[in-house]
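A short worksheet on the structure shown next.
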Protein chains: 2
Amino acid sequence: MARVRLTPERLTRAGAELADEVGFDQVTVSELARRFDVKVASLYSHLKNSHDLRTRIALLALEELADRAADALAGRAGKDALTALANVYRDYAREHPGRYAAAQFRLAPEVAACSAGVRHAQMTRALLRGYDLTEPDQTHAVRLLGSVFHGYVSLEMGGGFSHSAPDTQETWTRVLDALDALLRNWPPSP
Amino acid sequence: MARVRLTPERLTRAGAELADEVGFDQVTVSELARRFDVKVASLYSHLKNSHDLRTRIALLALEELADRAADALAGRAGKDALTALANVYRDYAREHPGRYAAAQFRLAPEVAACSAGVRHAQMTRALLRGYDLTEPDQTHAVRLLGSVFHGYVSLEMGGGFSHSAPDTQETWTRVLDALDALLRNWPPSP
DNA sequence: GCATCCACCTAATACCTTTAGGCAAATGCC
DNA sequence: GGCATTTGCCTAAAGGTATTAGGTGGATGC
């Protein structure tokens, strides 16, 4: 038998590609086995189960996304940084819809705590150093930015904006303008 | 045999309850049949297939959500309306997580066009009458609000905010303050 | 009281998931 | 280089979900 040298890493990468092709929730252990021209049961020496596979793909996506974000933020500040970070999420989702969906996969809390998810929060916080916010408003702003990035990208990819008139690129830049303005004039607590 | 009088409507309602209990993507034709104490194949006279079931649940959720939104918006304007609408989404997601997930189900474009989804956009637009925005900024603002509502609720439900310090209720009110401020001082086009 | 129809059933096919146990290629040791 | 062990992939099997085809009996209408 031709040994294929399966490893969790190779399976995870192939799973991520599969996700981009057919959608994250269509990722199946069977299809993965088919791609490696191997019997399904063989994968279970490398993967605990189907859920484990999804978790690994999710972690991979979070890593990749965090790496891109770190790259984009390097040497930028203020609105420049805001735009760069926002575009990282949007572009990643467009290039890798399956991986992006994977990044939304709900991880077990203890797994999430060690994941690249924490880097994302840290980077958003770093971005806010270019604005004049102190705690707890900074945390509120981190959450707002996360919500807008994630919400916008999901809705855009889900076709939520597709019917209506102004193209989404224009909205995207205007939304970033608006967020920048908001962060510069963050309203004081009542 | 005790006839159960299945109908698409009853199945859809039961499916929605099932979604709230076990999660939207765990909703299965088999489980639904079990709940009605009926054989699986029997459901296929009332439902085209599994995808059809999900679509119906999604449409139900969108309707319910739109009804609640219309109710909340009645007689309100400005920030009052903004808060009310935002809370409709958040509360619905908390009360009915499965249905809320269903509302995000990607519908076929022609189905989406006839769905309550369009009412949602209209209501957000109506809300903006309390602020001083003209086209195309109004559309941009509609999309921004949709993104924030959806993004915030998803992240909060997905546990994205769970580890960190200030509680999410405080952030939520501050985010709504911030959105209100932003809509009152929408930045002009460059 | 009979014919009809509809609602639910049985049967069968086809995937996907997961576990248990087998065999042979690769690896390590002398 | 030959032998033992490990390990990587395989066969087999059980159980769950989706979906289609065709049957039967209880409810309905005349």
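Any value given below was found using the heavy atoms of this structure, including those in side chains, with hydrogens, waters and symmetry copies removed. So that the names make sense, note that chain A is the first sequence line, chain B the second, and so on, each numbered from 1.
Taking atom CG of B:Leu43 as the reference point, atom C1' of D:dT20 lies 14 Å away to the nearest angstrom. The distance between atom NZ of B:Lys39 and atom P of D:dG25, rounded to the nearest whole Å, is 17 Å. Distance, A:Asp52 CG to C:dT17 P: 13 Å, rounded to whole Å. When rounded to the nearest whole Å, the span between CG of B:Leu47 and P of C:dA7 equals 14 Å.
At most 12 non-hydrogen atoms from other residues, nucleotides or ligands lie less than 6.0 angstrom from CZ of A:Arg129.
Every residue two or more places apart in sequence or in another chain was checked for a salt bridge (Lys or Arg N to Asp or Glu O under 4.0 Å) with B:Glu17, and none qualifies. By the ring pair (Phe, Tyr, Trp, His ring centres under 6.0 Å) test, B:Phe105 pairs with B:Phe24, B:His51, sequence neighbours left out. Under the salt bridge (Lys or Arg N to Asp or Glu O under 4.0 Å) criterion, A:Asp177 pairs with A:Lys79, A:Arg174, sequence neighbours left out. Not a single salt bridge (Lys or Arg N to Asp or Glu O under 4.0 Å) links B:Arg13 to another residue, sequence neighbours left out. Listed by chain and number, the residues in a ring pair (Phe, Tyr, Trp, His ring centres under 6.0 Å) with A:His46 amount to none (sequence neighbours excluded). With sequence neighbours left out, B:Arg106 forms a salt bridge (Lys or Arg N to Asp or Glu O under 4.0 Å) with no residue at all.
Applying the 4.0 Å criterion to OP1 and OP2 of C:dC9, one finds that B:Ser42 has a side-chain N or O inside that range. Within the structure, a side-chain polar atom (N or O) of A:His46 is placed less than 4.0 Å from OP1 or OP2 of D:dC9.
Sorted by first and then second residue, the side chain to side chain donor-acceptor pair (under 3.5 Å) pairs involving residues 109-123 of chain A (not counting sequence neighbours) are A:Glu63-A:Arg119, A:Asp67-A:Arg119, A:Tyr89-A:His120.
Against DNA chain C, the stretch residues 5-24 of chain B makes heavy-atom approaches under 4.0 Å through B:Arg5, B:Leu6.
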Pairs under 3.5 angstrom, nitrogen or oxygen only, protein versus nucleotides 15-19 of chain D, please.
{"from": "D:dT17", "atom 1": "OP1", "to": "B:Arg34", "atom 2": "NH2", "distance (Å)": "3.2"}
{"from": "D:dT17", "atom 1": "OP2", "to": "B:Arg34", "atom 2": "NH2", "distance (Å)": "2.7"}
{"from": "D:dT17", "atom 1": "O3'", "to": "B:Thr28", "atom 2": "OG1", "distance (Å)": "2.9"}
{"from": "D:dA18", "atom 1": "OP1", "to": "B:Thr28", "atom 2": "OG1", "distance (Å)": "3.1"}
{"from": "D:dA18", "atom 1": "OP2", "to": "B:Thr28", "atom 2": "OG1", "distance (Å)": "2.8"}
{"from": "D:dA18", "atom 1": "OP2", "to": "B:Val29", "atom 2": "N", "distance (Å)": "3.1"}
{"from": "D:dA18", "atom 1": "OP2", "to": "B:Ser30", "atom 2": "N", "distance (Å)": "3.1"}
{"from": "D:dA18", "atom 1": "OP2", "to": "B:Ser30", "atom 2": "OG", "distance (Å)": "3.0"}
{"from": "D:dT19", "atom 1": "OP2", "to": "B:Tyr44", "atom 2": "OH", "distance (Å)": "2.9"}
{"from": "D:dT19", "atom 1": "OP2", "to": "B:Ser50", "atom 2": "N", "distance (Å)": "2.7"}

